[in-house]
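The structure appears below as C-alpha cells.
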There are 2 protein chains.
Amino acid sequence: MVTQGRPLRADAERSVRAILEAAEKVLAANPAASLEQVAEAAGVARTTVHRRFANRQALVDTLVTTVMDQLDAVIDAANPDTAPPLVALHQVTASVLRLKLGWPFAMTESFAPDSRWSERQHHTATRCVTLLARAQTTGHIAPDADLDWTCKVYYALIGEAAHNTTEPDPDLLATKVITTLLHGAGPRS
Amino acid sequence: MVTQGRPLRADAERSVRAILEAAEKVLAANPAASLEQVAEAAGVARTTVHRRFANRQALVDTLVTTVMDQLDAVIDAANPDTAPPLVALHQVTASVLRLKLGWPFAMTESFAPDSRWSERQHHTATRCVTLLARAQTTGHIAPDADLDWTCKVYYALIGEAAHNTTEPDPDLLATKVITTLLHGAGPRS
DNA sequence: GCTAACTGCAACAGTGGTGTCGCAGATGTT
DNA sequence: AACATCTGCGACACCACTGTTGCAGTTAGC
C-alpha cells in the first residue's frame, strides 16, 4: 500500500529487495507477467508485494529509477567530458552492457519510447551526443556525421550486443560495438 | 468464430480488411490494446471482430502472416542471389523500410524473439546472411566480418531508420542504413 | 521481554477483457 | 424476389488480475 514511508524494518527491506530482483527476472521473461508470478518468484505472498508497492507501476518505477541512477553513476565514472573520447566511450559501453545484462527488463523499460522517463532519457541522450561530438573533434567520427543518428545507432548496437548469448564478456562486446559503430562491416582501409 | 471457411461475402471481406488495418494502427500505438478499441477504430462492433477472428491470436497471426508474405515477395523482387549485392541490398532495404513504415506493428511482431515465427524468421535471416556473404565476395564487406552479427546490426539499423520521423523517403533512409552498415560513423578513408 | 512492525493466509469486491448467443434488420448474391 | 449471409446490439457467463481487509502468528528492535 505504501511505497516509501519511514525507514523499513530489516525483514521488510529484505522483502523489497527480493521482490525487485524477482520482478526483474520475471518481467524480463514476460513483461505482462502478473504480480502473483513476481511474488512467487520472490518467495513472498502476493499481498506482501502490494504492501511494499502500491501499484504495478510503483514497482516498475522503482526498478527503472534504480537502474537509471546506476546508469548515471556509471557514465559519470567514465569521465565522458574529460577522458579521451574513445576511452570514455569504451568504458561507458562496457559498463552499460554490464548493467543491461543484469537488468534487462529495467534497462529496456528505461529506454522505451513514450514512457514517463522522457526527461531523463533526453538527458542521457544529450550526454551521449556530447561524448560523440568529442570523438568527432579527435577525428574518430566523421565531421559531417549525423550525431543524433549515430547516437541511435549506438543504442541499437548495445541492445543487439546484449542479446548476444555466445559472448558474455562486456569488454569484448564493447569493443565489437564500438568497432562496428565507427567502421561498420566494410573492409578497413 | 471462424478464421477461414468458404469464400466470404463482399461486405464480410470489407470488414476483415477494415479490422486488419485498424488493428495495425491501434496495436502499433499500444500492443496491449483491447479488441474493443480495434473494433471501434475499424468502425465495427466488437462481436464482428470475434466473428471474423476467433482469437486475438488469430487476428495477429493473420496480420503477421500477411506482412511476412509481402516481405518474402519484396526480397524476391530484389533478386538477392543474382543482382549485384549492393544493388540488391539497397533495394531490399528500401522495400523493407516501406513495409515497416506501413505495417509497424506487424513487422515488429514478425521479428519478435521467442515468437511462433521462428522458422520463417530463421529463413529470412539466412537469406540476409547469404546476401551479405555475396557482398563479402565483392569486397564491400570485410572478409573476416561476423555475418550473423552484421545481419543483426542490419536489422537494428532498419528498425532505427523506421523510427526516423524527419526523413520519410525510404530510398534516402536505405542509403543511410547501408552507408552506416558498411562504414559506420567514422571518417571514410 | 515488550512492543511495533511485518508476514502469510483467506476472503472479498471490483475491474476489464474475452468469448458466446439470439435476434431483428440490413446487405449481398442468384 | 427469395435466400443466405452478415451486421449491430444487448445480454450473459467467465476469467485473470488487482487491490483491500482482518487476523493470527512471526520477527526485529529497543
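Residue numbers begin at 1 in each chain, while the letters A, B, ... track the order of the sequences. Everything quoted here is computed from the prediction, not taken from an experiment.
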Nearest whole angstrom, please: distance from the [atom2] of [N] to the [atom1] of [X].
{"X": "Gln37(A)", "N": "dT18(D)", "atom1": "CD", "atom2": "C1'", "answer": "14 Å"}
{"X": "Glu40(B)", "N": "dG17(C)", "atom1": "CD", "atom2": "C1'", "answer": "15 Å"}
{"X": "Leu35(B)", "N": "dG19(C)", "atom1": "CG", "atom2": "C1'", "answer": "10 Å"}
{"X": "His50(A)", "N": "dC6(C)", "atom1": "NE2", "atom2": "C1'", "answer": "17 Å"}
{"X": "Leu59(B)", "N": "dT18(C)", "atom1": "CG", "atom2": "C1'", "answer": "13 Å"}
{"X": "Phe53(A)", "N": "dT7(C)", "atom1": "CZ", "atom2": "P", "answer": "11 Å"}
{"X": "Asn55(B)", "N": "dT20(C)", "atom1": "CG", "atom2": "C1'", "answer": "13 Å"}

For the residue pair [X] and [Y], what are the closest heavy atoms and their distance?
{"X": "Leu101(B)", "Y": "Pro170(B)", "answer": "CD1-CG, 4.4 Å"}
{"X": "Val64(A)", "Y": "Trp117(A)", "answer": "CG1-CE2, 3.5 Å"}
{"X": "Cys151(B)", "Y": "Ala125(B)", "answer": "SG-O, 4.2 Å"}
{"X": "Ile178(B)", "Y": "His90(B)", "answer": "CD1-CA, 3.2 Å"}

CA sep, side-chain torsions, deciding dist, call: Val74(A), Val92(A), side-chain contact (heavy atoms from CB on, under 4.5 Å): CA-CA 7 Å; Val74(A) 140; Val92(A) 167; 5.6 Å; no
Protein proximity profile, nucleotides 23-30 of chain D - base contact B, sugar-phosphate-only contact S, no contact -, cut-off 4.0 Å on heavy atoms: ----BSS-
Sugar-phosphate only, base, or nothing, as touched by Thr47(B) at under 4.0 Å among non-hydrogen atoms: base
Sugar-phosphate only, base, or nothing, as touched by Arg56(A) at under 4.0 Å among non-hydrogen atoms: sugar-phosphate
Among dT7(C), dA11(C), dG17(C), the nucleotide that comes nearest once only the side chain of Arg46(A) is considered: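 Of the options given, the side chain of Arg46(A) lies nearest dA11(C).
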Closest listed nucleotide, where the reference is the side chain of Thr48(B) and the choices are dT18(D), dG8(D), dG8(C): dG8(D)
Gap separating the CD atom of Glu36(A) from the OG1 atom of Thr47(A), nearest 0.5 angstrom: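 These two atoms lie 10.0 Å from each other.
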Glu24(B) side-chain N/O to Ala106(B) backbone N/O, donor-acceptor pair under 3.5 Å: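 Looks like yes, one N/O pair under 3.5 Å.
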